[in-house]
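The model shown is predicted, which means the values in this text are computed figures rather than measured ones. Each chain gets a letter, A, B and so on, in the order the sequences are listed, and its residues count up from 1.
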Amino acid sequence: MHPRKILVTSALPYANGPIHIGHLVEYIQTDIWVRFQKLRGNRCIYMCADDTHGTAIMISSKKAGVSEEQWIERVREEHIADFTAFDIEFDNYGSTHSEENRKLCGVFWSALREAHLVKGKDVEQLYDPQAETFLADRFVRGTCPFCHLENQHGDNCDNGHTYTPADLIDPVSTLSGATPEVRTAPHLFVELEQLHGFLDEWTQCGKHLQREVANYLKGHFLHEPLRDWDISRPAPYFGFEIPDSPGNYWYVWFDAPIGYIASTQQWCERSGEKLDDWWRSDETEIHHFIGKDITYFHTLFWPGMLKTAGYNLPTKVHIHGFLTVGGEKMSKSKGTFVKAATYLEHLEPSYLRYYYASKLGSRLDDLDMNLQEFVAKVNSDLVGKVINLASRSAKFVAESGLSAEYPDDGGLFTQGAAAGDEIAGAYENCDYNRAMRRIMELADRANPFVEERQPWNLRKDPQRAGELQDVCTVALNLFRQLAIYLSPVLPRLAAQTGELLGKPIESWDESKTPLVGTPVAKFKHMMQRVEAKNVQAMIDASKENDMSDAPANEATNEATDAATFEDSDQPLKDEPLTEEITFDEFIKVDLRIARIVSAERVEEARKLLRLTLSLGGDERRQVLAGIKSAYEPEALVGRLVVMAANLAPRKMKFGVSEGMILASGPGGSDVFLLSPDDGAQPGQRVH
RNA sequence: GGCGGCGUAGCUCAGUUGGUUUAGAGCAGCGGAAUCAUAAUCCGCGUGUCCGGGGUUCGAGUCCCUGCGCCGCUACCA
């Protein structure tokens with residue numbers, strides 16, 4: 001079997017913030033795969049880079065008071081430090097803001113031009129006259145033109161209406177607070193539709209994508225003509241200026257994937273390789289690892305670009321899901337939004353590598369990190385089962401070394417070697433959880449062997465020194481076999497095993513041959529047990545970070561946090577605090593979660609909506625609420641609110657109102673209903 | 001609403017193309033042993049409606065239909 005030639009990438013992290021444990025799912029997943037391939041004797045290189053262009057970078061660097069170049073260089077160093085600490089080993093870590101990338105972008109661009117795939121079109125977009133820049137949708141907020149909900153995103157509101165930013169009522173730029181104006185600018189587009197036939201074939205042939213991804217693309221994009229892809233941005237924009245279109249820049253998603261190739265180019269220059277041997281060669285496999293959020297860039301645009309420019313198409317795009325913690329999205333307020341650097345202050349990287357490996361499968365399911373399970377799994381699998389094999393036997397043979405011949409072990413080593421193919425197959429398919437399970441099954445067979453042979457008793461009898469040596473030879477070889485199988489996941493353990501037994505682990509096939517007649521070094525601890533309190537400390541520290549450097553909304557992070565916290569004192573002035581009450585007085589009010597099951601306008605009334613609230617089961621209340629000018633009734637149905645449920649019914653002109661729902665704001669269109677967090681149920685009391 | 005997926009022991013899950021037994025493993029729990037080892041290890045202990053209901057079949061957790069529940073994606077299009 002001749003070695004494969006494999007080029008692997010992870011998505012380029014955006015140079016706008018630190019690496020966190022969500023990112024690490026992908027880099028650990030990829031790194032394991034790369035290490036596995038190398039261990040198998042394949043030629044495999046792992047390429048990555050920082051993704052450095054776009055509006056968000058401009059904003060962040062401006063805020064930090066440095067140039068974009070300084071900013072991205074600083075972030076890149078942080079990223080590299082984090083990756084290195086987690087044993088993620090790139091063969092090259094570049095930057096999309098590199099000369100190599102600029103040139104390659106030119107190559108791709110020319111190819112697109114020559115294929116007549118580029119066309120110009122005018123685009124109307126909101127422009128911030130103060131910041132002197134066009135505004136992406138997420139940098140505009142305003143009032144929804146359909147339901148008049150205020151402070152909504154640029155392209156959709158919380159009630160589910162969609163629109164373009166130009167339709168917003170009272171739009172505001174989140175960059176400067178200025179009122180944006182509509183301006184027209186010429187943009188360049190790629191007519192992807194011309195590649196429709198090719199993309200149908202490539203995505204649906206079953207070789208390159210997970211089945212569910214192929215279905216997704218077919219259902220969402222390929223069933224109809226593909227839309228033109230807006231690939232340029234007018235100045236000012238931090239990126240590369242388009243050579244034949246001065247004043248326009250390539251959109252960040254154009255140059256980002258080309259960064260994979262540019263990074264390879266740097267590696268080639270350093271190692272005397274030819275780029276075309278890797279990116280224009282039938283012998284090379286290209287494997288991209290990405291998260292599901294960027295599926296369509298990598299499965300439609302990117303193959304289209306590669307095809308047009310005559311580069312290798314991806315052999316496979318491996319797509320993974322998101323990380324959740326305790327079954328929920330990572331949350332800054334709950335401390336589950338853990339930065340890589342914060343993790344490292346409290347825990348060892350090997351824990352996370354193993355835990356993720358034990359959870360990762362080949363499909364794009366989300367991966368849930370359960371903190372109790374995390375502790376239990378690392379301690380019981382790694383320390384209790386695997387490492388224990390070495391720590392309970394190594395010191396008995398520190399002087400004698402391993403037996404000269406491999407003793408009878410009842411077939412354990414042979415069984416372990418036979419399992420190698422299946423474990424390798426699981427790694428190859430990214431079914432790491434399966435691989436980990438199989439490895440732990442082997443460990444579960446090894447410990448009883450030691451138990452049965454009782455080396456601790458054998459050593460008491462000098463007559464049985466040979467027997468003792470044999471038992472430990474078996475135990476250590478079984479341990480080493482596991483360490484080899486685990487080495488893509490736990491390179492440190494592999495290195496430590498190499499030291500202990502005086503022979504570095506370099507190839508997968510070493511799992512087939514036991515080590516004999518070699519010295520054994522003094523045993524040193526290989527891994528600390530995870531302490532639950534350290535996990536907790538990490539969570540707590542992540543909460544503290546939240547207070548200091550803050551932002552609630554990820555995408556618009558830097559842009560919004562000033563606005564988030566510079567709260568006006570006007571509301572308090574308008575409505576000062578009232579006199580103190582006792583607890584007993586407070587609890588007289590029975591606040592309940594209620595679901596709005598119907599809502600209609602009271603036509604004759606100026607301000608009222610007639611709501612029917614459900615407290616669960618058959619319990620219903622009619623409430624007349626003065627929110628007509630702030631909410632469309634249709635948008636309220638189904639929504640959970642908080643109501644004062646034991647308020648005496650009040651007869652009003654239009655009927656009896658049996659309670660009140662809680663809202664803030666001065667009135668008119670400025671009314672803001674209170675909503676419970678996810679999970680609340682109708683009828684629950686608010687305490 | 002559409003698409004994709006999931007629903008197996010307290011928890012996390014395995015169950016390959018339907019047929020090795022009365023459906024398995026790890027963790028947790030209970031009982032015992034051991035004391036070499038990082039309070040690590042070993043042995044023993046599971047009356048689970050394999051979500052419910054139909055169907056195909058000599059035979060289904062495994063295939064088909066249907067209902068329910070959950071998750072993800074995406075929606076006045078699929």
Notebook entry, point to check: Can you tell me the Watson-Crick or wobble partner of B:rU21, both distances under 3.5 angstrom?
Noted result: none
Notebook entry, point to check: Considering residues at least two apart in sequence or located in another chain, which fulfil the salt bridge (Lys or Arg N to Asp or Glu O under 4.0 Å) criterion with A:Arg437?
Noted result: none
Please enumerate all protein N or O atoms sitting under 3.5 Å from an N or O of nucleotides 23-28 of chain B, with distances to 0.1 Å.
{"unit_1": "B:rG26", "atom_1": "O3'", "unit_2": "A:Lys385", "atom_2": "NZ", "d": "3.3"}

Item checked: Spacing between A:Phe322 atom CZ and B:rC71 atom P, to the nearest angstrom -> 17 Å
Next item on the list: Under 4.0 Å between any heavy atoms, over every strand shown, what does A:Leu389 touch: base, sugar-phosphate, or nothing? Just pick one.
Entry: nothing
Item checked: Whole angstrom value for the distance that separates P of B:rG15 from CZ of A:Arg438 -> 12 Å
Checklist line | Nucleotide paired to B:rU57 in any strand shown, Watson-Crick or G-U, under 3.5 Å | finding: none
Next item on the list: Could you check which nucleotide pairs with B:rG4 in any of the strands shown, counting Watson-Crick or G-U wobble with both distances under 3.5 Å?
Entry: B:rC71
Next item on the list: Report which part of the nucleic acid A:Lys292 touches: base, sugar-phosphate, or nothing (heavy-atom distance under 4.0 Å, all strands).
Entry: sugar-phosphate
Check: Any salt bridge (Lys or Arg N to Asp or Glu O under 4.0 Å) pairs touching residues 197-207 of chain A, not counting sequence neighbours?
Finding: none
Notebook entry, point to check: Roughly, in whole Å, what's the span from CG in A:Asn370 to C1' in B:rC13?
Noted result: 13 Å
Next item on the list: Look at all strands and tell whether A:Glu452 reaches a base, only sugar-phosphate, or nothing, counting heavy atoms closer than 4.0 Å.
Entry: nothing
Item checked: Distance between C1' atoms of B:rG19 and B:rG61 (Å, rounded) -> 13 Å
Check: By side chain to side chain contact (heavy atoms under 4.5 Å, CB included), which residues pair with A:Lys292, not counting sequence neighbours?
Finding: A:Thr295, A:Ile319, A:Phe322, A:Leu364, A:Asp366
Next item on the list: Could you state the atom-to-atom distance from CG of A:Leu458 to P of B:rU35 in whole Å?
Entry: 13 Å
Note to self: Using atom C1' in both nucleotides, what's the gap between B:rU17 and B:rG52 to the nearest angstrom?
What the structure shows: 28 Å
Next item on the list: May I ask you to say what A:Asn388 touches in the nucleic acid, namely base, sugar-phosphate or nothing, with a heavy-atom cut-off under 4.0 Å?
Entry: base
Checklist line | Charged N-O contact under 4.0 Å between A:Glu451 and A:Arg392 | finding: yes
Note to self: Let's test this: given Watson-Crick or G-U wobble pairing with both distances under 3.5 Å, identify the partner of B:rU16.
What the structure shows: none
Note to self: Quick one, A:Leu226 and A:Leu222 - any side-chain contact, counting heavy atoms below 4.5 Å?
What the structure shows: yes
Notebook entry, point to check: Are a donor atom and an acceptor atom from the side chains of A:Asn215 and A:Lys218 found within less than 3.5 Å of each other?
Noted result: no
Item checked: Distance between C1' atoms of B:rG53 and B:rA9 (Å, rounded) -> 24 Å
Item checked: Neighbour count >12 (heavy atoms, 6.0 Å) for atom CZ, A:Arg227 -> no
Next item on the list: Please state the C1' separation for the pair B:rU62 and B:rC11 - nearest whole angstrom.
Entry: 24 Å
Next item on the list: Write down the distance between CZ (A:Arg459) and C1' (B:rU35), rounded to a whole number of angstrom.
Entry: 11 Å
Check: Do A:Arg353 and A:Asp87 meet the salt-bridge criterion of a basic N to acidic O distance under 4.0 Å?
Finding: no
Atom pairs under 3.5 Å: protein N/O with N/O of nucleotides 2-6 of chain B:
{"unit_1": "B:rG5", "atom_1": "OP1", "unit_2": "A:Arg211", "atom_2": "NH2", "d": "3.2"}

Item checked: Whether A:Trp508 and A:Tyr485 hold their rings parallel, tilted or perpendicular, with breakpoints at 30° and 60° -> tilted
Next item on the list: Please state the C1' separation for the pair B:rA40 and B:rG69 - nearest whole angstrom.
Entry: 42 Å
Notebook entry, point to check: Which comes earlier along RNA chain B counting from the 5' end, the contact point of A:Met526 or that of A:Lys218, where each point is its nearest nucleotide?
Noted result: A:Met526
Notebook entry, point to check: Any ion pair linking A:Glu373 and A:Lys359 (charged N to carboxylate O, less than 4.0 Å)?
Noted result: yes
Next item on the list: For A:Arg227 and for A:Phe523, find the nucleotide of RNA chain B with the closest heavy atom, then tell me which residue's nucleotide is more 5'.
Entry: A:Phe523
Next item on the list: Check whether any side-chain nitrogen or oxygen of A:Arg434 sits under 4.0 Å from OP1 or OP2 of B:rA14, and answer yes or no.
Entry: no
Margin query: Regarding A:Met440, tell me which of base, sugar-phosphate or nothing describes its non-hydrogen contacts under 4.0 Å with the strands shown.
Written below: nothing
Next item on the list: Let me know the distance between CD1 of A:Ile319 and P of B:rC73, rounded to the nearest Å.
Entry: 14 Å
Next item on the list: Just name whichever nucleotide pairs with B:rC45, Watson-Crick or G-U, keeping both distances under 3.5 Å, else none.
Entry: B:rG29
Margin query: Between B:rG26 and B:rC43, how far apart are the two P atoms, rounded to whole Å?
Written below: 9 Å
Next item on the list: Figure out the CG/P separation between A:Leu367 and B:rG72, and round it to whole Å.
Entry: 15 Å
Note to self: Work out how far the C1' atom of B:rG24 is from that of B:rC70, and round it to whole angstrom.
What the structure shows: 25 Å
Item checked: Pairing residues for A:Asp461 by the side chain to side chain contact (heavy atoms under 4.5 Å, CB included) criterion, not counting sequence neighbours -> A:Gln463, A:Arg464
Check: With a 4.0 Å cut-off on heavy atoms, is A:Lys377 in touch with a base, just the backbone sugar-phosphate, or nothing at all?
Finding: nothing
Next item on the list: Have a look at A:Trp33 and tell me which of A:Tyr427, A:Tyr27, A:Tyr432, A:Phe289 forms a ring pair (Phe, Tyr, Trp, His ring centres under 6.0 Å) with it.
Entry: A:Phe289
Next item on the list: From the options B:rU41, B:rC13, B:rU38, select the nucleotide whose nearest atom is closest to the side chain of A:Lys359.
Entry: B:rC13
Next item on the list: Using the P atoms only, state how far B:rU49 lies from B:rA28, rounded to an integer number of Å.
Entry: 24 Å
Check: Taking CD from A:Glu399 and P from B:rC36, how many angstroms apart are they, rounded to a whole number?
Finding: 17 Å
